[in-house]
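What you are looking at is a predicted structure, and each value in this text was computed from that prediction instead of being measured. Numbering starts at 1 and runs along the sequence shown.
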Amino acid sequence: MPSKEVLQYYHLDSPLGRLWYTFRKAIRYVIEKIAHICPSKSVRSTLYRACGLNIGNDVYIGDNVLFDRAFPQMITIKDHAAVGDRCIITAHAHIPTETPLKKIYPRTIKPVVIEEGAWIMPNVTIICGVTIGKEAVVATGAIVTKDVPPHTLVAGVPAQVVKDLKPIIESRNV
C-alpha cells in the first residue's frame, strides 16, 4: 500500500506524522530482519511483538515468516499456536498502482486471528479477515481465504476442510 494512503489511514499525513511513520517503519524493518535470523523462538516472538503484532504465550513462529508491515496490530496469534517457516500473513489487500481495478477492488483492512493451539504448517498464505479456529491445522502450501473452523484440518488452494480433528482430539484427552 502506498505510504501516503497508510499515513491517511493512521491520520499521520502531516510532516511530523510522515517523519514519525518513516522512523517506525525503518525500526520495524530492522527488527523484522533480526527476527528472521533469530534462532530463539521466544526472542523471535518478542521481536515480532515489538513490530506491533499481538502474540500470546508459548507461540512458535518459524523462520522467514512475513507479517503485514503496514498493519501489524491487526494480526493476533493466541497462546500455544505455531506458525511454520515462510508463511505470509496479511491484514490488508490493496492495489498500489493507479488502475481501473482499484475501483473494483477497494482497499481492505481486516484483522487476522490465529486461535489457541492452531498449527500453521510451512509456506501457508493467510489473507485479511481470516480466523483460524482453535486447534485447527492448516496444511503446507495452503492459501487460506476464509475462516477455518476449530478442530479441523484444511488443505489446498483455496484451503478446504479435509478432516474433522475433534474426535481424535477428544479421544486423546480422556
Side-chain angles (χ1 to χ4, degrees), residues 1-99 101-102 105-132 134 136 138 140-145 147-148:
M1 176 178 285
S3 291
K4 179 181 176 183
E5 293 179 27
V6 175
L7 290 169
Q8 289 170 346
Y9 177 86
Y10 285 121
H11 307 291
L12 295 171
D13 42 356
S14 67
L16 189 58
R18 282 192 294 279
L19 180 64
W20 171 248
Y21 181 76
T22 301
F23 174 75
R24 286 281 302 156
K25 187 176 176 182
I27 294 298
R28 261 193 222 134
Y29 181 82
V30 170
I31 292 171
E32 180 184 284
K33 293 305 174 191
I34 294 168
H36 280 253
I37 62 170
C38 180
S40 166
K41 84 170 189 169
S42 61
V43 174
R44 194 176 306 135
S45 290
T46 300
L47 290 167
Y48 283 120
R49 278 187 200 99
C51 289
L53 277 77
N54 303 300
I55 299 175
N57 297 315
D58 190 36
V59 169
Y60 174 83
I61 298 174
D63 294 330
N64 297 309
V65 175
L66 294 177
F67 292 106
D68 194 302
R69 288 185 183 137
F71 304 96
Q73 75 282 359
M74 299 293 284
I75 299 171
T76 300
I77 305 172
K78 296 192 178 175
D79 297 348
H80 313 293
V83 179
D85 296 348
R86 296 172 306 283
C87 288
I88 299 171
I89 301 174
T90 185
H92 83 281
H94 184 70
I95 298 172
T97 57
E98 291 304 321
T99 172
L101 291 175
K102 204 168 188 174
Y105 298 103
R107 175 182 9 173
T108 305
I109 304 166
K110 294 181 182 175
V112 172
V113 179
I114 299 172
E115 294 286 351
E116 228 178 274
W119 177 23
I120 314 303
M121 292 184 184
N123 294 319
V124 168
T125 299
I126 301 172
I127 69 164
C128 57
V130 169
T131 296
I132 308 295
K134 182 178 180 177
V138 181
T140 299
I143 297 180
V144 185
T145 60
D147 291 351
V148 174

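A donor-acceptor pair is defined here as one N or O able to donate and one able to accept, closer than 3.5 Å; no such pair exists between the side chain of Asp68 and the backbone of Ile75. One N or O on the side chain of Arg49 and one on the backbone of Gly56 form a donor-acceptor pair closer than 3.5 Å.
Distance check: His36 NE2 to Asp63 CG gives 9.5 Å after rounding to the nearest 0.5 Å. Between Ile31 atom CD1 and Thr46 atom OG1 the span is 11.0 Å, to the nearest 0.5 Å. Remark: Arg44 CZ to Ile37 CD1 distance equals 10.5 Å, nearest 0.5 Å. Thr131 OG1 to Ile126 CD1: the interatomic distance, rounded to the nearest 0.5 Å, is 10.0 Å. Asn57 contributes atom CG, which lies 13.0 Å from atom CD1 of Ile77 (distance to the nearest 0.5 angstrom).
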Could you please spell out the steps behind the side chain to side chain contact (heavy atoms under 4.5 Å, CB included) verdict for Lys41 and Asp58? CA-CA 9 Å; Lys41 84 170 189 169; Asp58 190 36; 2.9 Å; yes
Using the side chain to side chain contact (heavy atoms under 4.5 Å, CB included) rule, take Ile89 and Ile120 through it: C-alpha gap first, then chi angles, then the decisive distance, then the call. CA-CA 11 Å; Ile89 301 174; Ile120 314 303; 5.8 Å; no
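Using a 4.0 Å cut-off between charged nitrogen and carboxylate oxygen, Lys134 and Asp79 do not count as a salt-bridge pair. In summary, Arg28 and Glu32 do not engage in a salt bridge, as defined by a charged side-chain N under 4.0 Å from a carboxylate O.
Taking the side chain as every heavy atom from C-beta outward, Lys110 and Ile127 never approach each other to under 4.5 Å. In this structure the side chain of His94 reaches within 4.5 angstrom of the side chain of Lys102, judged on heavy atoms.
With hydrogens and angles left out, the side-chain atoms of Ser40 and Ser42 include a donor and acceptor closer than 3.5 Å. A donor atom on one side chain and an acceptor atom on the other are not found under 3.5 Å apart for Arg86 and Asn64.
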